[in-house]
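Note sheet for the following structure.
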Amino acid sequence: MELLVDHHCHGVVRRDLDRAGFEARLTEADRPAPGTTLFDSSLGDALRRLCFPLLDLAPTATPEAYLERRVELGHAAVGRRLLHAAGLAAMLVDTGYTPEPLTSPAELGEAAGAAAYEVVRLEAVAEELATAGGSAASFAAALRAALAEAAGRPGTTAFKSVAAYRVGLGLGPERPSDAEVVAAAGRWLAAGGGRLADETLHRFLAFAALDTGLPLQFHTGLGDRDVDLRTCDPLLLAPWLRAAEATGVPVLLLHCYPFQRHAGYLAQVFPTVHMDLGLATHNVGARAAAVLAEALELCPYGKFLYSSDGFALPELHLLGAALFREVAGADLARRTTENAHRVYPAVGGRGPGR
Amino acid sequence: MELLVDHHCHGVVRRDLDRAGFEARLTEADRPAPGTTLFDSSLGDALRRLCFPLLDLAPTATPEAYLERRVELGHAAVGRRLLHAAGLAAMLVDTGYTPEPLTSPAELGEAAGAAAYEVVRLEAVAEELATAGGSAASFAAALRAALAEAAGRPGTTAFKSVAAYRVGLGLGPERPSDAEVVAAAGRWLAAGGGRLADETLHRFLAFAALDTGLPLQFHTGLGDRDVDLRTCDPLLLAPWLRAAEATGVPVLLLHCYPFQRHAGYLAQVFPTVHMDLGLATHNVGARAAAVLAEALELCPYGKFLYSSDGFALPELHLLGAALFREVAGADLARRTTENAHRVYPAVGGRGPGR
Amino acid sequence: MELLVDHHCHGVVRRDLDRAGFEARLTEADRPAPGTTLFDSSLGDALRRLCFPLLDLAPTATPEAYLERRVELGHAAVGRRLLHAAGLAAMLVDTGYTPEPLTSPAELGEAAGAAAYEVVRLEAVAEELATAGGSAASFAAALRAALAEAAGRPGTTAFKSVAAYRVGLGLGPERPSDAEVVAAAGRWLAAGGGRLADETLHRFLAFAALDTGLPLQFHTGLGDRDVDLRTCDPLLLAPWLRAAEATGVPVLLLHCYPFQRHAGYLAQVFPTVHMDLGLATHNVGARAAAVLAEALELCPYGKFLYSSDGFALPELHLLGAALFREVAGADLARRTTENAHRVYPAVGGRGPGR
């Protein structure tokens, strides 16, 4: 089996879950509709087929039986089984979203038998500075110093922007001036800091990340019910991508669904742009082949990476990898690993397939 | 054969049609281009394959032969043959659009051998009030009373909004204030009433419909040449859907094409949101399987309903059902009927498959 | 083999190319990303399969071997081989974009063994008038005279607008008044003329083209890295199409990808609107069948035409034709030729299949 580099995922929960807790984390919905279940879906079908047997159940077992078996084994053992079965050489773990305690990158990698690296979320860094009581005048310098520090930590391989969730992807193409950053930071801090949602500051963060030289990941496309999916169309990012290109720093468009053709176009025409189908692959289940085929209509094979965007449930890390491996075939799977090693030289020590 | 609940359709014409009259009602085009015919299309191919034999003709017969045979049998007999062949347990009939006399819900159900229910179009109710000479000051109360009266009539199962056609789906998330409704109604009535196209009033109608507790259907996606298809993207409705959710009233996104993936996302993340592929299914013919597969990438199976959106020609009611049954398979077909019974308890007396 | 009418293409380069020069012209990217190649893509796979053998190489040969073989044969012989293999009855050649010297329509047709016609780019005509020193006051009359002259030249079969590239497809539905044209031309000429990008003037050009009675082609969808793909959605053109319909002049939506479903809708509901999948067909390679199927969900068969949009490399003219022939089948291929003869009566002398 060709090992994969999962270049964007999250930790998993550190406790056993009941059915409601499990379903709440299964898709982008925070709960099923009354009288229905999220197990009855493309994702649910894939879960029964690929995960149930890994916990020694037939695909025809009930959700209740699966959740009982999960508790019987315990979350730690379940995580080890599923993450190991994902067949990963390395995992790049976004540590910036933890609505409850999740496994650390080291713990996740240990459970998976894979090397673990960290993806640092820009907005988390900025929001910590605000919490620590920085001033508007010093914000730009403090942010740059914090990114430099993060970039220098062993294991940090990339930054990530969630501008899509906060202000949409229509970032302007100009680096904001110092005065603009001070003014925007002033407004934000005067309002008490907290959840950052200011186009000038997200744009500043994105350019500042490029200056570290580390690859920059962008959330695009699919998200939860709070997102305005129309403003997550990666095409909106084109002006910024054009401006960012001179730095030569790789940019990674994550998820992309249902805009995978738009992302494929950007990956074709912009040398620094790459894409993946994380989150989408496990959500669409048996349709993973169709969605991948649309992405690869224009995306050159050298620009496509693998990720799961698995979050909270190790089932999602497994499903992403298992479905991708099925539909991509060995050649493309190997290519995505080679591509990850080229984009993230810090992950370079491990050759593909080892 | 699994009987279906067609949860959104229209009556059929009460007269025989010549070829021009037939083609004008076949698709969303009001006429074919010179030198071409709408029979030569995906829809036309499906019509030849599935409808011609029901009128005792081979699929290779000419359109002229089909139209002659239609006249020979007479529109009433044609309607009975085609509607019966659709295999319907129940039909929910939108009575709000009648550019010429169409069969009533009772007549349509009688011809189909199905139970018949009514879907009341919000804009038709409002426009009748304007015609009846109501004042701006009394409009809100009169509208609420009219909706309550309609909701209380035996057979009324849902309301429907055509805001998509009139102002687009970008309805705001706030219930308009009384003063806003009075002002908007004043402008509309001062201009003579007639075709309603005012965002405040469409939004008011939609919230007022929720207050009756009946499910609310929205036209989304595909329509005729007058529609601005971009403003029919169901994603535009997300802010309103978020606001409407607290009522717990089911919302049904109709048609959705070519935005079926967008609708599937909304159906996944919003517990009250459901979807169908009415109108699209018969228009795309042999591609019905592909379009359905895209919808079900994210839409949970418990949120998908069946409708034909058949209008004027009973061929369209038949094609919707026959194509859906072919591509959905028996399990999904049964589920859509169960889903319809859950969404529309008034239709609840008949179990699926009866 | 059914001969095709390639109703929109360009000339090919008049010199031998090295690998960088070849890759720069292969896709909409102007260069590959470091460490990658545009040969490794859906387009590259199609190129190996369909073009390598035409130059006596196995599909498994290296890109280097292909480029060596290309130089060995010489660009003229390569062009003759590939263009002949495309199996074309006629080529309609856009002469308005020549970043370097390209073959003339006559030369291209000679190399292909096909009749050659010219497509005149509206913006090139306008920009020549500006270069020639016309005044704002006389611009409208001069432009009309120039279009009439162009339309009267033997071989001119259509006009083409690149408004999509310059101002987007959101053209207003009103013919601009004389005063508006004078004002807009005044601003443009005062700024030194050059690259036209003014909504009023693009709209004026489009209406003026209709007045000649020749079919009008619009670039829509896919383009290079300078395009804002969102503003190339053909749905944006709907208001203008509605206004243009009264003239009865055929309008051709070119390329359309990834908006082929949107274009199919427009082709269904507007009698004068036609579409093709030029440029997209060769870019998506093995996915040509899937993209074509989406277009034909709504587009009536009588409204679909064939084009390659081949530019600079004769490989692209060949790939478009070969892939289209494979996926469309003989019946649809014949229809596209019939459709081209109906839309372009000047090409009418040659029956399909000759």
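In what follows, every chain begins at residue 1, and chains take the letters A, B, ... in the order their sequences are listed.
Taken from CZ in Arg287(C) to CZ in Arg261(A), the straight-line distance is 6.0 Å, to the nearest 0.5 Å. Taking OG1 of Thr36(C) as the reference point, atom CG of Asn339(A) lies at 8.5 Å (rounded to 0.5 Å). With rounding to the nearest 0.5 Å, the separation of CG in Leu236(A) from CZ in Arg230(C) is 4.5 Å.
Smallest separation of non-hydrogen atoms from Val269(A) and Asp224(C): CG1-C, 4.5 Å. For the pair Ala33(C) and Lys303(A), the tightest heavy-atom approach, listed with the atom from each and the gap, is CB-CE, 3.7 Å. Listed here is the closest heavy atom pair of Phe270(A) and Arg225(C): CD2-NH1, 3.5 Å.
The shortest distance between side-chain heavy atoms of Glu297(A) and Asn283(C) does not fall below 4.5 Å. Annotation: side chain of Asp40(C) is in contact with side chain of Arg335(A) (closest heavy-atom distance under 4.5 Å).
Within residues 209-222 of chain A, no residue has any heavy atom closer than 4.5 Å to a heavy atom of chain C.
Residue contact with chain C, scored on non-hydrogen atoms closer than 4.5 Å, involves the side chain of Glu245(A) exclusively. Both the backbone and the side chain of Ala293(A) come within contact range of chain C, judged by heavy atoms closer than 4.5 Å. Of the two parts of His274(A), neither the backbone nor the side chain holds a non-hydrogen atom closer than 4.5 Å to a non-hydrogen atom of chain C. In this structure, the portion of Tyr257(C) lying under 4.5 Å from any heavy atom of chain A is its side chain and not its backbone.
Side chain of Ser42(C) to main chain of Leu296(A): a donor-acceptor pair is present (N/O by atom type, distance under 3.5 Å, no hydrogens or angles).
Annotation: maximal heavy-atom pairing with chain A below 4.5 Å, among Ala288(C), Ala280(C), Gly223(C), occurs at Gly223(C).
Partner of Pro300(A) under the side chain to side chain contact (heavy atoms under 4.5 Å, CB included) criterion, out of Thr27(C), Leu38(C), Thr37(C): Leu38(C) alone.
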